Amino acid sequence: MAMIDDLRQLERDAVAAIRAARTPDELERVRVRYLGRREGLVSGMLRRLGTLDPAERPAAGAAANRAKKALAGALAERLGELTAAAGASGPGLDLTLPSRRKWRGTVHPVNQVIDDIWAIFRSLGFVRARGPEVDTEWYNFVALNTPLDHPAADEQDTLYLSPGLLLRSHTSPVQIRTMELHEPPIRIIAPGMVYRRDTYDATHTPAFAQIEGLVVDEGVTFVDFKATLAEFARRFWGPGTRVRFRPSFFPFTEPSAEVDVKRVIVREDGREEETDWIEIMGAGMVDPAVLENVGYDSERYTGWAFGMGPARVALLRHGVRDLRLFYENDMRFLGQFT
Ligand code: PHE
């Protein structure tokens, strides 16, 4: 059949032209000459199909499609050869350049501290608890033995959403929520975000993380409290760490303490040096009034609690001076804490 023979000839010519093309531009001109939609020789042939005897059409159509496919394959192959050759010798591609580094996410430095603190308390038998960031005056203040005329409950310090509803100003409401749901023994760690009307500066951010700890059981004493926190500090900062309990006041603990640590750091010349005392948490023995507020028998049960700021711990750990850096999400900064 004449048309099929013509197609074969056309295909041979086209493949030869494709192989002979020496640049991508030349190759493109060959493509247009044969496969171009309007003037292309193969396309023209396809249009002629309509003039054929109906009996011949299927075989000719199949041959034309085969030719088209063969040419497309040859074009792609030649283009690959030409661009690879350009890459090896031409100016477009420098194979000696270092490859781009793969982007890898990391755990936020404050969350790393939370994870490490949690790991230590977990090994001491604590479980994790959580509570809502939007909470009520009852959980945030009243149940914690904090009267609403206490300065902390003032709108100057606490972010209210509506009367009685607020963004929790500490993680201590999780103490109440946990004790309402469970009977002693209780040993929980509750990390989470808290909110205060603070000015945004190097040492304050209006939203920050806290970690709450609470232990309630029969026979829990101040000795358990001190020993557990000292053990935590030595596991977290190293065996040489010293811990100091300074008398303080919180409405929900009695007695209350602020806990400071003095760390041992290794200087650049290899000598060891003690740091200043740094406050790491507020803490104390749970006030019996708080235990009564959740229906516990305060004659039978005693407990202790603490609240710690992991962002401050992260500052110490990395020698960072400005808290805001942890919350600005600049990847050049955050990417360093792998
Ligand atoms: N909730 C207190 C604060 O935010 C810290 C604290 C927790 C103190 C538990 C004592 C017991 O400052």
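Each ligand, and each atom within it, is numbered from 1 in the order the structure gives. Residue numbers count from 1 along this sequence. From a predicted model like this one, the values you see are computed outputs, not experimental measurements.
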Asker: Ion pair present between E81 and R78, side-chain N to carboxylate O less than 4.0 angstrom?
Answerer: yes
Asker: Taking non-hydrogen atoms only, is M281 closer than 4.0 angstrom to ligand 1 via side chain, backbone, both or neither?
Answerer: neither
Asker: Looking only at heavy atoms, is any part of R196 under 4.0 Å from ligand 1, and if so is it the side chain, the backbone, or both, or is it neither?
Answerer: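 Side chain only.
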Asker: Which ligand 1 atoms, with their elements, are less than 4.0 angstrom from a heavy-atom of Q210?
Answerer: 3 (C), 4 (O)
Asker: Report yes if the distance between the aromatic ring centroids of F208 and H170 is under 6.0 Å, otherwise no.
Answerer: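 Aromatic pair excluded; centres sit 6.0 Å or further apart.
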Asker: With a 4.0 Å cut-off on heavy atoms, is Q175 touching ligand 1?
Answerer: yes
Asker: A cation-pi test, strictly: NZ or CZ of R168 under 6.0 Å from the centre of the six-membered ring of Y139 and no more than 45 degrees from its axis. Yes or no?
Answerer: no
Asker: Suppose we measure from atom 2 (C) of ligand 1 to each protein heavy atom; which comes out shortest, and what is that distance?
Answerer: F252 CZ, 3.8 Å
Asker: I need the atoms of ligand 1 closer than 4.0 Å to a non-hydrogen atom of S172, numbered in the order shown.
Answerer: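 Going through ligand 1 atom by atom, the ones under 4.0 Å from S172 are 1 (N), 7 (C).
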Asker: So, do F250 and F306 have ring centers that fall under 6.0 Å from each other?
Answerer: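 Between F306 and F250, which both carry aromatic rings, the centre distance is not below 6.0 Å.
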Asker: Heavy atoms only: which of G307, S169, G309 is nearest to atom 5 (C) of ligand 1?
Answerer: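 Considering heavy atoms of G307, S169, G309, the nearest to atom 5 (C) of ligand 1 sits in G307.
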Asker: Looking at T253, which atoms of ligand 1 are within less than 4.0 Å of one of its heavy atoms?
Answerer: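 Per the distance check, 10 (C), 11 (C).
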Asker: Under 4.0 Å from ligand 1, counting heavy atoms only, is it the side chain of F306, its backbone, both or neither?
Answerer: backbone
Asker: Show the atoms of ligand 1 that are less than 4.0 angstrom away from any heavy atom in A305.
Answerer: 9 (C), 11 (C)
Asker: Would you please indicate yes or no on a ring centroid separation below 6.0 angstrom for H318 and F337?
Answerer: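 Between F337 and H318, the centre distance is under 6.0 Å.
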Asker: R168: heavy atom below 4.0 Å from ligand 1, yes or no?
Answerer: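 Flag not set, R168 not near ligand 1.
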Asker: So, taking the atom named CE in M281 and the one named CD in E212, what distance separates them when rounded to the nearest 0.5 Å?
Answerer: 10.5 Å
Asker: Pairs of nitrogen or oxygen atoms closer than 3.5 Å, one from E212 and one from ligand 1: do any exist?
Answerer: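 In fact, backbone or side chain, E212 has no N or O that close.
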Asker: Are Y327 and Y200 close enough that their ring centres sit under 6.0 Å apart?
Answerer: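 Ring centroids of Y327 and Y200 are no less than 6.0 Å from each other.
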Asker: Less than 4.0 angstrom from a charged side-chain N to a carboxylate O is my criterion; do R263 and E274 meet it?
Answerer: no
